[in-house]
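Reading through the structure tokens given below for one structure.
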Number of protein chains: 2
Amino acid sequence: MEQGDRQGGGPLSPAVTRSAVRAGSYHDSVVLMQLQRALAALPGVLDAGVVMATPANRDVLAVGGLEADAGAGPDDLLIVVKAESEAAAGEALSRVDALLQVRQGGEGQDFRPRSLATALKQLPEARWVLVSVPGRYAADVADEALDHGRNVFLYSDNVSLEREAALKRKARDRGLLVLGPDCGTAVLGGIGFGFANRVRRGPIGLVGASGTGLQAVMSQIHHLGSGISQAIGTGGRDLSEKVGGITAAQSLELLRRDPETRVIVLLGKPPAPEVGDGLLALAASAEKPVVVYFLGQQIEKFERRIGNVWFAETLQEAAELAVWLVKDAGLKREAPISGYLRGLFSGGTLAFEALRGLHAFIAPIWANFGVPQWRLADPLRSQGHTVLDLGADEFTVGRLHPMIDQDLRLRRLRQEAADLTVGVILLDVVLGDGAHADPAGELAPVIAQTRAQVVVIVIGTDDDPQGLAVQIETLERAGARVFRTVTEALLWIELQMEEPPETEEHPGGQAVPPESVQAPVAVINIGLETFSASLAAQGARVVQVDWRPPAGGNEKLASLLARMKK
Amino acid sequence: MEQGDRQGGGPLSPAVTRSAVRAGSYHDSVVLMQLQRALAALPGVLDAGVVMATPANRDVLAVGGLEADAGAGPDDLLIVVKAESEAAAGEALSRVDALLQVRQGGEGQDFRPRSLATALKQLPEARWVLVSVPGRYAADVADEALDHGRNVFLYSDNVSLEREAALKRKARDRGLLVLGPDCGTAVLGGIGFGFANRVRRGPIGLVGASGTGLQAVMSQIHHLGSGISQAIGTGGRDLSEKVGGITAAQSLELLRRDPETRVIVLLGKPPAPEVGDGLLALAASAEKPVVVYFLGQQIEKFERRIGNVWFAETLQEAAELAVWLVKDAGLKREAPISGYLRGLFSGGTLAFEALRGLHAFIAPIWANFGVPQWRLADPLRSQGHTVLDLGADEFTVGRLHPMIDQDLRLRRLRQEAADLTVGVILLDVVLGDGAHADPAGELAPVIAQTRAQVVVIVIGTDDDPQGLAVQIETLERAGARVFRTVTEALLWIELQMEEPPETEEHPGGQAVPPESVQAPVAVINIGLETFSASLAAQGARVVQVDWRPPAGGNEKLASLLARMKK
């Protein structure tokens with residue numbers, strides 16, 4: 001807009017402001033935006049506003065210096081023009097109807113069905129109906145779509161909680177999804193609905209009662225090099241007590257069964273307590289990692305993870321966690337461990353960090369360092385869970401450090417391996433200059449003969465003289481699970497030591513069939529035409545319905561007509 | 001070792017165990033390890049142990065089935081052999097002296113100086129002396145090196161706290177470093193001392209009172225694609241009250257002045273309170289980010305960052321934070337902000353997350369959502385710090401969502417820009433299908449005319465139809481600071497709003513000259529020969545000193561000699 005810097009000029013400008021009203025008429029919001037732009041671009045016009053004349057919208061105009069001189073109600077269209085002269089303002093207002101007319105010609109689609117039923121005849125494979133008509137009509141349109149056995153993406157807001165709950169219960173009974181109302185975002189079968197970023201397809205499935213939250217997380221996942229399988233928006237109120245998280249539960253269940261989805265992310269404002277409990281139980285039995293981000297919920301460090309469910313504190317962290325969980329395929333329950341843990345460390349700091357981390361899930365742990373209370377009576381003999389720093393002074397007088405000479409550790413490893421109460425043995429292997437030339441080669445034959453699960457933390461780089469890849473491969477071939485950090489090794493051990501959760505039944509109603517969210521995607525769009533354009537641009541098949549409100553938007557007439565139909 | 005699986009056979013085996021003693025003789029630990037291996041490899045020998053005969057070492061042998069039948073004291077060398085027959089055991093023991101002899105021939109270096117003074121004549125450019133002789137001799141050797149104006153890497157353990165403190169005070173007065181005692185790791189001028197991983201050179205400088213801690217962090221930094229400038233081990237007791245963190249403070253100071261170091265990592269066990277305070281004050285005035293990991297110290301979420309000092313809770317997290325801080329060059333104090341913040345969001349979730357994050361450092365914040373207590377009286381007029389969700393119902397009745405139609409936001413942006421009490425304006429720009437075709441293009445002219453600092457969170461991917469790079473560039477050219485996540489944007493704003501810390505004076509004594517840790521590296525090695533080999537393999541110039549303990553290790557004679565020298 002060229003007039004941009006002259007807008008909102010205030011009392012000093014000699015401008016005149018004039019307004020017009022079109023009573024009780026319905027227009028698509030895109031049409032209103034385009035009319036406003038067209039008016040503002042006319043000669044002599046400084047600024048223009050075109051809104052439905054609600055009190056809030058009138059206030060917005062007034063603050064911007066577009067005070068309306070005409071009376072109008074919330075169902076009326078209000079047009080305000082600020083111009084350099086009376087003549088210019090009058091000229092602009094006189095062109096309103098012509099400009100509205102031009103816009104309503106429509107584009108692209110030759111024949112536009114005027115009802116959902118007709119549209120479905122034209123595109124019977126459409127599994128989805130995208131509804132963005134004004135809120136007071138939206139629930140009826142959605143309901144009609146459900147009656148036709150179609151899933152609904154309900155972009156419209158201003159639908160009552162009661163209608164939302166009713167629509168979702170009906171959908172659940174029929175194995176259908178209602179995303180929304182006020183659903184901003186979904187990516188289904190690779191096609192973005194509403195507002196959606198173009199992201200790599202990949203192993204992360206998203207469920208979100210938050211539109212821009214989904215967009216922020218999907219964008220960050222893409223940025224981090226991973227991708228998404230599905231992103232399912234539920235509408236912001238889905239997790240409320242009244243709605244009961246119906247759509248979120250259906251979506252979790254869908255992603256849990258989806259073989260392409262390896263990690264699930266669940267986003268939303270903190271849910272109603274019962275709804276939250278139900279969703280977390282469902283997540284806990286998903287048999288894949290689930291990252292949960294409930295906006296504004298502070299997480300205590302020790303509550304960061306419960307089984308396969310991980311809690312994030314920011315959108316960025318939710319994305320990072322999901323990507324990390326995908327990469328770390330090792331972090332799942334795969335080899336149940338019972339029995340004592342024995343840690344035989346060559347690195348003191350690694351031993352210390354391991355002892356501290358292990359305390360989160362096993363106790364007591366005996367050691368040859370740390371608090372006197374849990375000090376081993378005899379460092380040469382383990383008891384219960386034990387962690388040893390083999391580089392401690394008592395082991396190294398007149399003896400090389402265990403990072404150079406593994407003799408002591410090999411002897412101790414055999415000793416621990418012979419102990420039938422031992423379930424897991426944790427070792428570090430520190431590579432680099434100065435260290436043993438082939439620690440894995442020496443350890444491997446002993447590891448191979450160890451009944452207990454051996455877990456090794458390998459500290460090293462791909463440039464280290466021992467050859468990082470060879471060292472890891474040697475250890476793995478001997479049967480060890482290898483990790484690169486203490487943190488990851490302990491997470492894995494914790495997962496193996498835990499009781500598996502009970503499997504949760506699916507959330508009632510009929511299961512949503514997987515095809516509902518699979519390519520190819522075909523959609524009936526009812527409402528904002530821009531959504532048709534963007535769906536088509538992404539390769540989806542779309543039919544736009546040339547929707548008009550009942551009785552042309554006249555509420556009284558509409559309710560009369562509805563009563564006559566009964 | 002082929003006999004590996006027959007070792008530790010216990011009482012069932014018909015083996016005989018015999019031992020021998022070499023009284024009061026000193027041998028390099030590598031020599032002892034090699035002797036043990038040579039003995040174990042002889043025909044008929046099942047296992048062998050070669051140790052200084054401390055009670056602990058004798059216990060270790062006994063637990064492994066190598067009970068010594070000879071009496072010996074802690075200064076004596078004890079050799080134990082378990083063999084299939086009396087003859088084999090006798091034969092093995094008879095070869096001990098010959099095997100020790102063979103080993104002592106030395107390798108490589110033609111002429112071996114027998115003193116540090118002579119070695120320094122051979123390699124006068126050596127700035128470092130690596131000391132790994134037994135602890136009771138180590139402090140004297142280190143002291144001699146300081147007298148020669150050389151820095152010391154003191155690998156040896158069993159040096160008293162008092163000697164350590166005295167050595168470090170002396171070093172500090174002369175602008176020298178004493179790394180250790182019991183220092184496992186350093187990488188100086190690209191050369192690894194002691195145990196060190198081969199890591200990319202890069203912008204992260206490490207200081208650590210923890211050897212394997214340094215190795216774990218440097219390996220992980222390398223793994224994450226970044227690299228290190230210097231890694232300076234201080235010895236595990238440097239942060240104790242007695243030593244006072246002298247070496248850590250000198251090292252922090254060195255890295256603070258080092259132009260190659262852009263992020264510093266400080267590792268160690270929790271320091272003595274006064275020592276910790278001093279180091280944190282030094283870190284706070286480093287004018288670059290410092291990541292601190294004090295092992296075992298639990299960090300509250302709200303204490304995660306204080307100014308430029310970041311606290312990590314695991315080794316892995318310390319490495320990740322450092323790499324992230326390097327990448328995010330934007331996260332530094334560069335554009336002091338005063339005045340109110342105004343957030344104009346198109347995404348509700350982004351607005352919510354921003355409001356929550358901002359509460360950590362500014363209050364009160366008024367909003368058109370969230371708790372009623374801080375609800376704006378009039379959403380059309382900001383007051384104090386204000387965050388607005390422009391997609392809220394009151395702004396969108398009969399109007400397109402602000403992600404499609406920015407008209408309302410542009411008007412509000414001009415309104416905020418005209419308010420002289422405003423210091424920073426925070427916007428989101430959400431790209432993707434369905435959204436405005438060029439939001440940055442519309443915002444840029446208005447941003448360019450805004451006196452306040454504009455910060456924009458851009459949510460999008462490089463595949464989005466608007467073109468992520470173009471959108472970011474357009475915003476940046478208009479003068480906005482652009483971030484990709486709410487978290488990063490808020491961190492940057494927080495840094496700009498804070499008071500800068502006072503600059504700390506350097507920690508007394510003489511400053512360590514930068515050349516001390518720069519390439520090319522030349523070292524005098526006194527002690528374990530393997531360190532000479534690994535230094536040379538990395539391209540450092542090394543001279544090995546053919547060190548012998550005073551009076552051949554005979555303590556009484558040695559103290560007599562020392563007294564005669566006075």
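Because the structure is predicted, anything quoted here is derived from the model rather than measured. Letters go in sequence order (proteins before strands), and every chain restarts at 1.
- A salt bridge does not link E353(B) with K269(A): none of the charged nitrogens is closer than 4.0 Å to a carboxylate oxygen.
- Side-chain contact between M403(B) and Q215(A) is present, with heavy atoms from C-beta onward closer than 4.5 Å.
- For chain A, the option among S346(B), G213(B), A53(B) with the highest count of heavy-atom pairs below 4.5 Å is G213(B).
- Residue contact with chain B, scored on non-hydrogen atoms closer than 4.5 Å, is absent for Q466(A).
- N197(B) places a side-chain N or O within 3.5 Å of a backbone atom of L431(A) that can act as its donor or acceptor partner.
- Between chain B and the options S219(A), P445(A), G432(A), heavy-atom pairs under 4.5 Å are most frequent for S219(A).
- At a threshold of 4.5 Å between non-hydrogen side-chain atoms, the residues V51(B) and R399(A) count as touching.
- Note that CG of L535(A) and CG of D433(B) are 8.0 Å apart. Values are rounded to the nearest 0.5 Å.
- The ring-ring contact (aromatic ring centres under 6.0 Å, His included) test with H401(B) singles out one residue from Y155(A), F531(A), F195(A), and that residue is F195(A).
- A side-chain donor-acceptor contact under 3.5 Å links D462(A) and H222(B).
- Between R411(B) and L66(A), the closest side-chain pair of non-hydrogen atoms falls below 4.5 Å.
- In this structure the side chain of E317(A) never reaches within 4.5 angstrom of the side chain of T485(B), judged on heavy atoms.
- Taken from CD in E488(A) to CD in Q316(B), the straight-line distance is 5.0 Å, to the nearest 0.5 Å.
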Start with the C-alpha gap between D405(B) and R37(A), add the side-chain angles, then the distance that decides, and say whether side chain to side chain contact (heavy atoms under 4.5 Å, CB included) holds.
CA-CA 11 Å; D405(B) 179 5; R37(A) 292 188 175 184; 4.0 Å; yes

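- R381(A) has no carboxylate O lying under 4.0 Å from a charged side-chain N of D59(B), or vice versa, which leaves the two without a salt bridge.
- Top candidate by heavy-atom pairs under 4.5 Å with chain A, chosen from P55(B), P134(B), A196(B), is A196(B).
- Within the 4.5 Å cutoff, the side chain of V486(B) has no heavy atoms near those of the T314(A) side chain.
- Put simply, of A56(B), G192(B), G194(B), the one with the most heavy-atom pairs under 4.5 Å next to chain A is G194(B).
- Separation of atoms OH (Y293(B)) and OG1 (T349(A)) is listed at 8.0 Å; rounding is to 0.5 Å.
- Listed options T530(A), D378(A), L295(A) were ranked by heavy-atom pairs under 4.5 angstrom with chain B; first place goes to L295(A).
- Side-chain contact between D407(A) and M33(B): absent, with no pair of heavy atoms (C-beta onward) separated by less than 4.5 Å.
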Give the intermediate values and the outcome of side chain to side chain contact (heavy atoms under 4.5 Å, CB included) for residues L400(A) and L528(B).
CA-CA 9 Å; L400(A) 286 169; L528(B) 296 177; 3.7 Å; yes

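- Counting heavy atoms from C-beta outward, T461(A) and H223(B) have side chains that stay 4.5 Å or more apart.
- The choice from D464(B), I459(B), D157(B) that makes the most heavy-atom pairs within less than 4.5 Å of chain A is D464(B).
- Neither the backbone nor the side chain of H359(A) has a heavy atom closer than 4.5 Å to any heavy atom of chain B.
- Counting heavy-atom pairs closer than 4.5 Å to chain A, the top residue among T54(B), L350(B), L214(B) is L350(B).
- Per-residue counts of heavy-atom pairs under 4.5 Å with chain A were compared for L408(B), L315(B), L32(B); the largest is that of L315(B).
- Both the backbone and the side chain of V60(A) come within less than 4.5 Å of a heavy atom in chain B.
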